Q: 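Okay, here's the structure, questions in a sec.
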Protein chains: 2
Amino acid sequence: MPSDRSNRPDISQRILEAATRLFARHGFVGASLRDIAKAVGIRKPSLLYHFPSKDELRRGVLDQMLAHWNDVVPKILRAATAGPEQFDAIGAEILRFFRDDPDRGRLLLRELLDRPDELAPLLALRVQPWAKIVCDYIRKGQEHGRIQPDVDPEAYVIQVINLVLCGFATHGSIRSLVAGGSDDVEAGERLLTEMMRVAKASLFLPSAIAVPTRGATGTDAN
Amino acid sequence: MPSDRSNRPDISQRILEAATRLFARHGFVGASLRDIAKAVGIRKPSLLYHFPSKDELRRGVLDQMLAHWNDVVPKILRAATAGPEQFDAIGAEILRFFRDDPDRGRLLLRELLDRPDELAPLLALRVQPWAKIVCDYIRKGQEHGRIQPDVDPEAYVIQVINLVLCGFATHGSIRSLVAGGSDDVEAGERLLTEMMRVAKASLFLPSAIAVPTRGATGTDAN
DNA sequence: GCGGGTCTCTACCACTCGGTAGACGGGGCG
DNA sequence: CGCCCCGTCTACCGAGTGGTAGAGACCCGC
């Protein structure tokens, strides 16, 4: 009877999308299967036919998001092994991932708050290798005097993760706090720009960030 | 009958403490009144006698935390209006607030995710004035050539908030991601140190941060 | 036509939720 | 003593939860 259901782009996929949105918005316990099913346009038992339990659905949502993340990792690795000034490229790829769907940040942050022990192994699988690359890059930059010598690579990576995760998750809710006057999209752009600036200015030596051609070494402690 | 209940440090206060912990750990919907009551050692109706509804309890928890925050604000303002090198003092006060009870960060972050519209006015009241002081301080530092000219003060403050909130909220869950080898408390210290370093290095000009007297060792050796 | 999947549905289950009614007990006070 | 208030309790409520049973509708190969 419902003809509009004929143009279905895979029901399971539509369920995953609705679940992603509602889990990110209201949390895992706060989003009911009925609500998710309603968002898709079906009833709850139909949903449970595709995902036999709510927990299975949650796993599906996480799997899909981390699979998407897996698509961007190669780009990051390629950028990181290409040239010296790949920071912007890496940052752009990461930002794009979260900007494509801000629910990703919210979802990750919620999982980090709610079920850290279950998320940890997944992250270890998905971001550990990438983080290692970045750490190596930082250490090499430190040897070459391009990166500030007092950067703690592992800890720095975590700070950037915090910056990005929290930045996207609270996007729009916290930015009205201080940014006051400006409209939404402009305020969002200012926050993203500053996010990148903070990450960059706390990593590179100013001589490396300001003038690419100049070879003068500024502060050389060791 | 229960003699251990005679040494009660105000039942309402004990309820608030248990609720703070459970809300922060499992979220507002994830923590049931029964669980909170059990943590206090009473039954649910007794809890509802002191806080007539769950939402009232939530408001009480938030009020108490923001009241505690109110205790640190004067210290921050005093530090901010005292001398030029007050950054460390401000940072120390903020860090102490969250370190005293890591549940505060988790709770704030959860509220930011779950009920941003309700938290916004509270934050506007509690952190807006403080943030304004910091922004003024940044602008003055920019005029005096002590702070990097491309810092966006309002956006920078939000980045630092993100850094601190997410840093404490995911403390211990995300740090195992990269820090790998080191034990828990040492890893935590490394993260805090790096958090401060990132905030500082992305704010001050290196000339202001590195050398008060040329040739001496770094000032930020903590 | 017919049997078997695939998929959705209605109706129901046990359970937990936040919240209420009302009884019980104790302490202070007249 | 009687009275009252305070605080806690057991028992219960309606609503909503995740999940199940089982009936139907559709489609496809036989």
Side-chain angles (χ1 to χ4, degrees), chain A residues 1-63 107 110-111 113-115 118, chain B residues 1-63 107 110-111 113-115 118:
Chain A
M1 205 73 72
S3 61
D4 54 334
R5 200 172 297 164
S6 59
N7 56 351
R8 61 173 95 164
D10 191 17
I11 285 280
S12 293
Q13 181 55 31
R14 285 170 55 198
I15 293 176
L16 281 177
E17 288 170 6
T20 300
R21 203 178 67 245
L22 291 179
F23 284 165
R25 293 241 220 282
H26 308 114
F28 180 70
V29 285
S32 73
L33 291 184
R34 285 169 175 84
D35 292 341
I36 298 171
K38 184 185 293 181
V40 180
I42 58 178
R43 308 292 157 256
K44 184 191 42 154
S46 307
L47 190 156
L48 283 167
Y49 173 81
H50 296 275
F51 296 87
S53 78
K54 193 182 186 183
D55 217 68
E56 205 89 24
L57 177 56
R58 179 185 126 259
R59 215 164 303 138
V61 165
L62 244 56
D63 275 354
L107 198 66
R110 280 193 188 277
E111 284 296 315
L113 282 169
D114 290 341
R115 254 168 253 88
E118 296 182 33
Chain B
M1 205 72 72
S3 61
D4 53 333
R5 200 173 299 165
S6 59
N7 56 352
R8 62 173 93 167
D10 191 17
I11 286 279
S12 294
Q13 179 55 31
R14 284 170 56 199
I15 294 176
L16 282 178
E17 288 169 7
T20 300
R21 201 178 69 246
L22 290 178
F23 283 165
R25 294 240 220 282
H26 308 114
F28 180 70
V29 286
S32 72
L33 292 183
R34 285 170 175 84
D35 292 341
I36 298 171
K38 184 184 294 181
V40 180
I42 59 177
R43 307 293 158 254
K44 183 190 44 152
S46 308
L47 190 156
L48 284 168
Y49 173 81
H50 296 277
F51 295 88
S53 77
K54 192 182 186 183
D55 217 67
E56 206 88 25
L57 177 57
R58 180 185 125 260
R59 214 164 303 137
V61 165
L62 243 57
D63 275 353
L107 198 66
R110 280 192 187 279
E111 285 295 314
L113 283 168
D114 289 340
R115 256 168 250 89
E118 297 181 31

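All values reported here derive from a predicted model rather than from experimental measurement. Below, all heavy atoms of this structure are taken into account, side chains as well, without hydrogens, waters or symmetry copies. Below, chain A is the first sequence line, B the second, and so on; all start at residue 1.
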Q: Under the ring-ring contact (aromatic ring centres under 6.0 Å, His included) test, which residues partner B/F51, sequence neighbours left out?
A: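 Here no residue qualifies.
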
Q: Got a sec, which residues hit side chain to side chain contact (heavy atoms under 4.5 Å, CB included) with A/R21, two or more places apart in sequence or on another chain?
A: A/R25, A/A39, A/D103

Q: Side chains of residues 26-33 of chain A: which donor-acceptor partners sit under 3.5 Å, not counting sequence neighbours?
A:
from  : atom 1 : to    : atom 2 : distance (Å)
A/S32 : OG     : A/D35 : N      : 3.1
A/S32 : OG     : A/D35 : OD2    : 3.1

Q: Between atom CG in B/D10 and atom C1' in D/dC6, what is the gap in whole Å?
A: 14 Å

Q: Separation of B/R43 atom CZ from C/dG19 atom C1', in whole Å?
A: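 Between C1' of C/dG19 and CZ of B/R43: 17 Å.
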
Q: May I have all residue pairs that pass salt bridge (Lys or Arg N to Asp or Glu O under 4.0 Å) and include part of residues 48-62 of chain B, sequence neighbours excluded?
A: B/D55-B/R58, B/D55-B/R59, B/E56-B/R59, B/R58-B/E111, B/R58-B/E118

Q: Kindly compute the distance separating CD1 (A/I42) from NZ (A/K44), expressed to the nearest 0.5 Å.
A: 12.0 Å

Q: Compute the angle between the rotation axes at the two ends of the helix from C/dG1-D/dC30 to C/dG30-D/dC1, each taken over five pairs, rounded to 10 degrees.
A: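 Answer for the end axes of this duplex: 20°.
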
Q: State, to 0.1 Å, how close A/V40 and A/I15 come at their nearest heavy-atom pair, and which atoms those are.
A: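 Here A/V40 and A/I15 meet closest at CG2-CA, 3.8 Å.
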
Q: Check the pair A/L16 / A/L57 against side-chain contact (heavy atoms from CB on, under 4.5 Å), numbers first and verdict last.
A: CA-CA 7 Å; A/L16 281 177; A/L57 177 56; 4.1 Å; yes

Q: Considering non-hydrogen atoms only, spot the tightest contact between A/L47 and A/A37 and give its length.
A: CD1-N, 3.6 Å

Q: Please state how far atom CZ in B/F23 lies from atom C1' in C/dC17, giving the value in whole angstrom units.
A: 13 Å

Q: Do any of residues 44-55 of chain A sit with a heavy atom less than 4.0 Å from DNA chain C, and if so which?
A: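 Only A/P45, A/S46, A/Y49, A/H50 qualify.
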
Q: I need the residues from residues 24-38 of chain A with at least one non-hydrogen atom less than 4.0 Å from DNA chain C; give them sorted by number, or say none.
A: none

Q: List the atom of A/R110, the atom of B/L113, and the distance in Å for their closest heavy-atom pair.
A: NH2-O, 3.4 Å

Q: Which whole-number value in Å describes the distance from B/L22 CG to C/dC17 P?
A: 12 Å

Q: Looking at A/A24 and A/L107, what are the two nearest heavy atoms and their distance?
A: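 For A/A24 versus A/L107, the nearest heavy atoms are N-CD1, 3.7 Å.
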
